[in-house]
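First up is the structure itself, then whatever we jot down about it.
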There are 2 protein chains.
Amino acid sequence: MWFVYTETPTAGTTAPVRASERAYRQLRGEILDGILPAGTGLLEIEQSARIGVSRTPLRAAIARLIADGLVAGRPGRGFMVTEMSMDSIRELYEVRRALEEHAARIAADRRDPAVFLALRDQFLAAPELLAQGETGLHRYYDLIDEFDDAVDEAVANPFLVGALATVRTHLARIRRLARGNPARLRAAAAEHLLIIDAIIAGDTSLAAHATHVHLQQSLTNVLAAIQGQPTGPVA
Amino acid sequence: MWFVYTETPTAGTTAPVRASERAYRQLRGEILDGILPAGTGLLEIEQSARIGVSRTPLRAAIARLIADGLVAGRPGRGFMVTEMSMDSIRELYEVRRALEEHAARIAADRRDPAVFLALRDQFLAAPELLAQGETGLHRYYDLIDEFDDAVDEAVANPFLVGALATVRTHLARIRRLARGNPARLRAAAAEHLLIIDAIIAGDTSLAAHATHVHLQQSLTNVLAAIQGQPTGPVA
DNA sequence: CGTGCATTCTATGTATACATAGGAGCTTCA
DNA sequence: TGAAGCTCCTATGTATACATAGAATGCACG
């Protein structure tokens with residue numbers, strides 16, 4: 001059982017050799033994609049059988065998910081995918097604002113202009129990208145990831161980057177809600193351009209304020225999107 | 001082996017029944033107190049034997065410590081207590097500033113005045129407390145914990161409180177350095193009073209700025225303390 | 001018919017056995 | 001004598017067996 005490779009080693013990406021890593025990535029991905037909706041009970045035996053690992057590595061995976069805040073241990077029985085209420089989203093954005101504003105400020109101070117100049121060109125082309133349907137959307141989100149990575153690298157602060165990573169993990173669960181709103185995505189791209197310009201200019205204050213504006217707009221949009229689809233709690 | 005209670009259930013405090021919880025608390029406490037200095041290698045077998053639990057719960061404890069950032073898995077072999085360089089301390093305070101300023105701002109907006117009025121009286125008595133030697137020092141730190149808890153409760157934001165908890169965990173490792181500097185502690189108490197007054201007054205801006213000042217003073221003091229004791233990396 | 005208790009069952013917590021990978025040390029050859 | 005390769009050893013990663021606690025359910029009694 002422990003030497004059966006059902007999947008060929010993915011070229012380019014480092015294949016997770018450890019079973020606990022596989023279980024973690026799969027569960028995390030499924031939670032973020034909404035395949036495992038909020039409130040879903042995670043039974044060790046059930047999940048370990050489904051994923052194809054033993055209970056021991058699965059427990060390690062669950063432990064990491066708990067640390068991420070994606071899973072909570074229920075007092076009495078088992079574990080469950082954490083809920084994401086509208087209040088939670090507001091709370092998340094409250095922290096996000098503090099961290100991203102601070103990060104933008106620092107990034108504007110320590111950035112390598114060349115990196116953000118290159119990003120600027122890509123964001124300028126974002127509207128065309130968003131007109132290309134699903135694949136363009138995917139590349140747009142990749143672009144945002146690149147921007148986040150560039151900020152992380154400029155900030156050069158493991159603690160801050162780590163805190164941001166936690167926030168972004170939860171954000172990924174919410175991001176799905178903004179899908180199918182091209183107008184908002186184009187606006188967001190324009191807001192990103194403002195932030196990037198401020199960072200390139202080394203204008204710390206403007207970078208922070210532009211980030212504040214962007215996040216406020218983002219939050220408003222997300223909350224409106226939830227109101228629009230009254231399917232109860234967010235996956 | 002699994003039914004031997006070497007310690008009587010601590011009155012008042014909930015005794016951790018799970019072995020993984022015991023291992024986690026002990027290791028965490030020892031790291032925070034410097035008993036396990038930075039760079040110490042943690043071997044599963046060795047530590048599990050020392051603490052008196054099996055490898056399985058110990059692994060769970062290690063996993064939590066990794067999530068806390070107190071322990072890092074080394075690429076090749078084993079785990080080790082993370083280092084705390086002077087740069088790390090600066091980075092930590094950079095995040096701390098962002099989070100605590102934001103928290104102070106929110107607390108000033110949402111606080112229950114009665115709670116902070118009570119804290120105010122206690123902080124007013126802090127100088128006398130600090131004159132009482134070791135026990136007074138201990139009660140002073142408890143007082144700061146109470147203040148932090150009050151802020152957490154006023155903030156009422158699990159994400160922000162969680163991020164603050166992470167920062168404070170690392171701060172606890174550093175705090176030992178300020179010991180034996182009564183002048184600084186008295187000054188810190190005065191700075192706390194300023195923050196508390198701002199929170200009571202509902203002055204969000206002042207609360208944030210007073211927090212900024214306090215943290216800057218704290219950082220300066222910590223860095224100076226490290227310079228004073230050139231024992232290399234901080235425990 | 002409702003409530004309380006006991007039983008059973010299930011899922012987690014723990015311990016341990018085994019496989020494997022990576023490093024340290026030794027040996028050997030140039 | 002130095003470097004390279006091999007071997008052994010150690011510590012982690014994984015699987016599984018077992019004990020236990022808590023909850024759900026069914027039964028009995030009021």
Side-chain angles (χ1 to χ4, degrees), chain A residues 1-7 9 14-28 30-31 36 39-82, chain B residues 1-7 9 14-28 30-31 36 39-82:
Chain A
M1 174 69 81
W2 52 85
F3 224 77
V4 179
Y5 286 144
T6 54
E7 304 175 16
T14 54
V17 283
R18 299 194 293 289
S20 63
E21 185 72 20
R22 272 198 301 138
Y24 171 71
R25 294 195 190 179
Q26 177 169 345
L27 286 174
R28 182 190 155 98
E30 288 175 350
I31 292 172
L36 295 174
T40 303
L42 296 180
L43 295 315
E44 282 187 7
I45 300 172
E46 171 186 299
Q47 294 300 320
S48 63
R50 185 174 69 89
I51 297 179
V53 300
S54 158
R55 276 183 58 209
T56 307
L58 188 107
R59 267 185 85 77
I62 298 265
R64 289 179 65 183
L65 293 170
I66 290 175
D68 290 343
L70 292 174
V71 168
R74 287 183 290 194
R77 203 188 195 72
F79 307 96
M80 63 173 282
V81 180
T82 51
Chain B
M1 174 69 83
W2 53 83
F3 224 78
V4 179
Y5 287 143
T6 54
E7 304 175 16
T14 53
V17 282
R18 299 195 292 291
S20 63
E21 185 71 20
R22 271 198 302 139
Y24 172 70
R25 293 194 190 178
Q26 177 169 345
L27 285 174
R28 182 189 154 99
E30 288 175 350
I31 292 172
L36 294 173
T40 303
L42 296 180
L43 294 314
E44 282 187 7
I45 300 172
E46 171 186 299
Q47 295 299 321
S48 63
R50 185 174 69 89
I51 296 178
V53 300
S54 157
R55 277 182 58 209
T56 306
L58 188 107
R59 268 184 86 76
I62 298 266
R64 289 178 65 182
L65 292 170
I66 291 176
D68 290 342
L70 293 174
V71 168
R74 286 183 290 194
R77 202 186 195 77
F79 307 96
M80 62 174 282
V81 180
T82 52

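Below, chain A is the first sequence line, B the second, and so on; all start at residue 1. Here the structure is a predicted model, which is why all the values come from computation and not from measurement. All heavy atoms count here, side chains included; hydrogens, waters and symmetry mates do not.
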Out of dT14(C), dT14(D), dT12(D), whichever nucleotide has its closest atom nearest the side chain of Phe79(B):
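The listed nucleotide nearest to Phe79(B)'s side chain is dT12(D).
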Pick the closest DNA chain D nucleotide for Val53(A) and for Leu43(B) by heavy atoms, then say which residue is nearer the 5' end.
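Going by which nucleotide is closer to the 5' end, it is Leu43(B).
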Spacing between [X] atom [atom1] and [N] atom [atom2], to the nearest angstrom:
X: Arg18(B); N: dT14(C); atom1: CZ; atom2: C1'; result: 12 Å
X: Arg22(A); N: dT14(D); atom1: CZ; atom2: P; result: 9 Å
X: Ile45(B); N: dT10(D); atom1: CD1; atom2: C1'; result: 8 Å
X: Ile66(A); N: dT12(C); atom1: CD1; atom2: C1'; result: 12 Å
X: Leu42(B); N: dA11(D); atom1: CG; atom2: P; result: 13 Å

Listed by chain and number, what are the side-chain contact (heavy atoms from CB on, under 4.5 Å) partners of Leu70(A), not counting sequence neighbours?
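Residues passing side-chain contact (heavy atoms from CB on, under 4.5 Å) with Leu70(A): Arg28(A), Ile31(A), Leu32(A), Leu65(A), Asp68(A), Thr169(A), His170(A), Arg173(A).
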Residues two or more places apart in sequence or in another chain: which of them pass side-chain contact (heavy atoms from CB on, under 4.5 Å) with Arg64(A)?
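Counting only residues at least two positions away or on another chain, Arg64(A) forms a side-chain contact (heavy atoms from CB on, under 4.5 Å) with Glu21(A), Tyr24(A).
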I want to check something: taking the side chain as every heavy atom from C-beta on, are Leu27(A) and Val71(A) in contact at a cut-off of under 4.5 Å?
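No, too far: nothing below the 4.5 Å cut-off.
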Using salt bridge (charged side-chain N to carboxylate O under 4.0 Å, His left out) as the criterion, list what pairs up with Glu30(A), not counting sequence neighbours.
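With neighbours one apart ignored, the set is Arg50(A).
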Between the axis at one end of the helix from dC1(C)-dG30(D) to dA30(C)-dT1(D) and the axis at the other (five pairs apiece), what's the angle to 10 degrees?
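Axis-to-axis angle, ends of the helix: 0°.
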Cut-off 3.5 Å, no hydrogens considered: what does the side-chain donor-acceptor table look like for residues 51-58 of chain A, sequence neighbours left out?
from     : atom 1 : to       : atom 2 : distance (Å)
Ser54(A) : OG     : Thr56(A) : N      : 3.4
Arg55(A) : NE     : Glu44(A) : OE1    : 2.8
Arg55(A) : NH2    : Glu44(A) : OE1    : 2.9

Under 4.0 Å from any atom of DNA chain D, heavy atoms only: list the residues of residues 54-65 of chain B that qualify, in numerical order.
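Those residues whose heavy atoms fall under 4.0 Å from DNA chain D, taken from residues 54-65 of chain B in numerical order, are Arg55(B), Arg59(B).
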Calculate, to the nearest 0.5 Å, the distance between atoms OG1 and CE belonging to Thr40(A) and Met80(A) respectively.
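Rounded to the nearest 0.5 Å, the OG1-CE separation comes to 8.0 Å.
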Donor-acceptor pair, side chain of Thr82(B) and main chain of Gly69(B), under 3.5 angstrom:
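It does hold such a pair.
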